[in-house]
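All heavy atoms count here, side chains included; hydrogens, waters and symmetry mates do not. Every chain is numbered from 1, with letters handed out A, B, ... down the list of sequences.
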Protein chains: 2
Amino acid sequence: MSTVTKKQREIIDRPRQILRVSRDIFRKRGYLGLNMDRIAEQMGIAKGTIYQHFKNKEEVILAMAVETLEKRIAMFERAVLFQGCARSRMAAMGCAAELFVINFPDHFELEKVLSCSSIIEKTSEKLQTAKTVAEMRCISLVAGLVRDGIASGGLSLPNDFKPDQVVFGLWSISYGGYSIMESQETLKQMGIENGFRLVRDMNNKLLDGFGWKPLSSELDYNAIFDEVRTLIFSDFPKP
Amino acid sequence: MSTVTKKQREIIDRPRQILRVSRDIFRKRGYLGLNMDRIAEQMGIAKGTIYQHFKNKEEVILAMAVETLEKRIAMFERAVLFQGCARSRMAAMGCAAELFVINFPDHFELEKVLSCSSIIEKTSEKLQTAKTVAEMRCISLVAGLVRDGIASGGLSLPNDFKPDQVVFGLWSISYGGYSIMESQETLKQMGIENGFRLVRDMNNKLLDGFGWKPLSSELDYNAIFDEVRTLIFSDFPKP
DNA sequence: TGCCATTTTTGACGCTTCGTCAAAAATGGT
DNA sequence: ACCATTTTTGACGAAGCGTCAAAAATGGCA
């Protein structure tokens with residue numbers, strides 16, 4: 001008998017299984033449609049067993065978010081390796097962010113649920129920290145590129161600006177833009193069809209505002225997006 | 001006896017009362033803490049009566065959001081009257097948006113709850129439309145300023161950009177930025193203290209990116225914010 | 001004022017979901 | 001085969017939602 005028995009392996013793997021099933025239900029039925037009895041039934045185990053791994057429903061949701069966040073980190077880590085000037089590499093990052101949203105559409109819905117204070121408050125400090133850590137890793141990668149931009153001379157920030165603040169700007173546009181896109185009837189009313197393209201453009205204009213060379217008028221960053229997609233993310237389905 | 005009796009007036013006024021009480025509970029206890037029994041108890045009426053005015057809990061939440069949105073429209077309508085160049089008036093709009101978030105902090109929490117698809121799906125088409133209409137009014141006001149900017153020569157948009165798209169950018173930064181500010185431990189980790197100031201700066205940089213004159217390097221838009229606050233919004237408490 | 005048709009309010013009820021925990025089942029060491 | 005320990009189970013109490021038949025309030029009229 002191996003030191004780790006079959007049973008033990010089954011238990012070790014269960015959290016992952018629970019999250020897989022939960023994600024499936026969440027995708028189909030959303031926050032209100034995800035409930036512990038349904039997870040248990042779908043898993044073929046008793047409800048009580050789920051509570052051995054997650055202290056409540058909200059914790060399951062947070063764990064799903066952390067899981068997808070790991071995927072995003074992996075994508076960012078690939079994007080950062082794109083060969084080019086700092087601003088092109090930042091565009092590669094934008095491409096990664098866009099592909100992430102497209103390929104893991106449930107993540108944004110999870111983020112929205114978790115942004116409700118009374119929901120996140122029910123989760124454990126520990127998992128919350130795990131989420132923060134994952135986010136910080138994404139931010140660090142992006143901030144690194146801003147520093148590269150400064151070091152290579154393409155970007156010079158005013159005295160009172162720090163690299164992290166530029167990241168905040170990009171993050172706001174992406175987070176805000178994707179949120180508005182997904183959940184607002186309003187957009188259609190505005191006659192905007194291609195929201196992804198628009199988020200790209202706005203990120204570009206923001207960086208133009210900081211005077212980061214080459215400006216988007218000098219270099220076609222949409223072409224860079226295509227390049228990044230074929231060179232780095234060819235394993236993701238075409239749009 | 002007047003044509004409208006005391007009783008009738010009481011009934012007509014009840015939705016407003018319900019929303020007042022609900023907002024109070026929501027502020028203190030959030031989405032999960034707001035429940036129909038609690039509202040009824042606090043109002044001194046039976047639960048069933050509430051259902052004469054709102055078809056369910058989510059509808060109450062949506063109605064609260066529409067109510068605050070009206071406040072925002074009023075603030076935007078005041079801001080647009082600021083005397084100055086188009087870009088300064090846009091700054092006035094930014095000031096209004098900022099003051100709105102500060103003075104109606106529950107609105108953002110409401111937005112977050114309502115951005116969850118399984119929650120908004122429980123509400124009536126009718127109220128959803130009311131929210132969209134209110135949002136469109138805000139957007140129109142801002143888009144009008146972009147057009148003024150173009151007309152007065154300070155701004156010239158590239159061919160493939162429409163005024164509404166600029167609004168989308170500003171809206172994304174504000175929506176995204178305020179969301180991140182409110183609900184993220186991450187920000188503190190990033191060493192960002194003054195989120196409001198940062199949202200202002202990012203909006204400015206975005207408009208700089210579009211080349212909207214005078215650029216933020218040529219005119220101190222933070223000074224404009226102070227001016228707007230004293231001239232137009234003196235009835236709002238100082239920060 | 002008293003009567004009664006109509007409107008409005010009430011809160012008990014059935015249903016769903018949450019999270020718990022004592023009892024039952026499974027495990028694995030001897 | 002036995003049994004101490006670990007793991008699973010699902011019935012249960014609590015809480016909240018939305019409903020609806022019964023009760024109460026209203027207001028027009030004699």
Side-chain angles (χ1 to χ4, degrees), chain A residues 1-18 21-22 25-26 28-64 113-114 116 118-124 127, chain B residues 1-18 21-22 25-26 28-64 113-114 116 118-124 127:
Chain A
M1 182 77 66
S2 59
T3 43
V4 176
T5 65
K6 189 173 171 187
K7 176 77 183 177
Q8 281 175 311
R9 256 181 290 121
E10 188 192 320
I11 292 178
I12 287 171
D13 204 46
R14 202 151 29 215
R16 220 190 320 277
Q17 297 290 329
I18 292 172
V21 167
S22 300
I25 298 171
F26 184 80
K28 287 186 190 126
R29 300 165 170 269
Y31 173 66
L32 296 178
L34 177 68
N35 60 270
M36 299 311 245
D37 292 277
R38 192 121 57 191
I39 298 172
E41 187 206 354
Q42 205 119 142
M43 289 265 305
I45 59 174
K47 186 165 49 161
T49 305
I50 299 175
Y51 284 92
Q52 296 223 315
H53 303 280
F54 300 97
K55 78 173 219 191
N56 56 33
K57 172 176 157 173
E58 285 70 29
E59 191 101 353
V60 173
I61 291 174
L62 180 53
M64 285 194 279
V113 171
L114 293 170
C116 301
S118 75
I119 292 177
I120 191 85
E121 272 162 15
K122 292 187 73 180
T123 62
S124 66
L127 249 192
Chain B
M1 182 77 66
S2 58
T3 42
V4 177
T5 65
K6 190 172 169 187
K7 176 74 185 180
Q8 283 174 311
R9 257 181 289 120
E10 189 192 318
I11 292 177
I12 288 171
D13 203 46
R14 203 157 23 218
R16 221 190 320 277
Q17 298 291 329
I18 292 173
V21 167
S22 300
I25 299 171
F26 184 80
K28 286 187 191 128
R29 300 166 172 267
Y31 172 67
L32 296 178
L34 177 67
N35 60 272
M36 299 310 245
D37 291 277
R38 191 121 57 192
I39 298 170
E41 187 207 354
Q42 205 118 141
M43 289 267 304
I45 60 174
K47 185 166 49 161
T49 305
I50 298 175
Y51 284 90
Q52 297 225 313
H53 304 279
F54 301 96
K55 78 173 219 192
N56 58 33
K57 171 175 157 174
E58 286 69 28
E59 190 101 352
V60 172
I61 291 174
L62 180 52
M64 284 194 278
V113 172
L114 293 170
C116 301
S118 75
I119 292 176
I120 191 84
E121 273 162 14
K122 292 187 72 180
T123 61
S124 67
L127 248 192

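Taking CE of A/M43 as the reference point, atom CD1 of A/I25 lies at 10.0 Å (rounded to 0.5 Å). Between atom OG1 of residue A/T123 and atom CD of residue A/E58 there is a gap of 8.0 Å, rounded to the nearest 0.5 Å. The distance from the OG atom of B/S22 to the CE atom of B/M36 is 7.5 Å, given to the nearest 0.5 Å. Here the straight-line distance linking atom SG of B/C116 with atom CG of A/L32 works out to 8.5 Å at 0.5 Å rounding. Within the model, atoms CD of B/E59 and NE2 of B/H53 stand 13.0 Å from one another, a figure rounded to the nearest 0.5 Å.
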Q: Show your reasoning for whether side-chain contact (heavy atoms from CB on, under 4.5 Å) applies to A/I45 and A/R14.
A: CA-CA 10 Å; A/I45 59 174; A/R14 202 151 29 215; 4.0 Å; yes
Q: Please lay out, stage by stage, how A/I39 and A/K57 fare under the test side-chain contact (heavy atoms from CB on, under 4.5 Å).
A: CA-CA 10 Å; A/I39 298 172; A/K57 172 176 157 173; over 6 Å; no
Q.
Across nucleotides 14-20 of chain D, 5' to 3', mark each nucleotide with B, S or - according to how protein heavy atoms within less than 4.0 Å reach it.
A. --SBBB-
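Here C/dT17 presents its P atom at 12 Å from CD1 of A/I39, a figure rounded to the nearest Å. Note: CD1 (A/I25) to P (C/dT17) measures 11 Å, nearest angstrom. If you measure from atom CZ of B/R14 to atom C1' of C/dT7, you get 12 Å, rounded to the nearest angstrom. Remark: P of C/dT20 and NE2 of A/H53 are 15 Å apart, rounded to the nearest angstrom.
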Between N or O atoms, less than 3.5 Å apart, protein on one side and nucleotides 22-24 of chain D on the other: list the pairs.
none

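Inter-residue side-chain proximity for B/V60 and B/F26 is flagged as unmet; no heavy-atom pair is nearer than 4.5 Å.
The side chain of A/Q52 contributes no N or O atom lying less than 4.0 Å from OP1 or OP2 of D/dT7.
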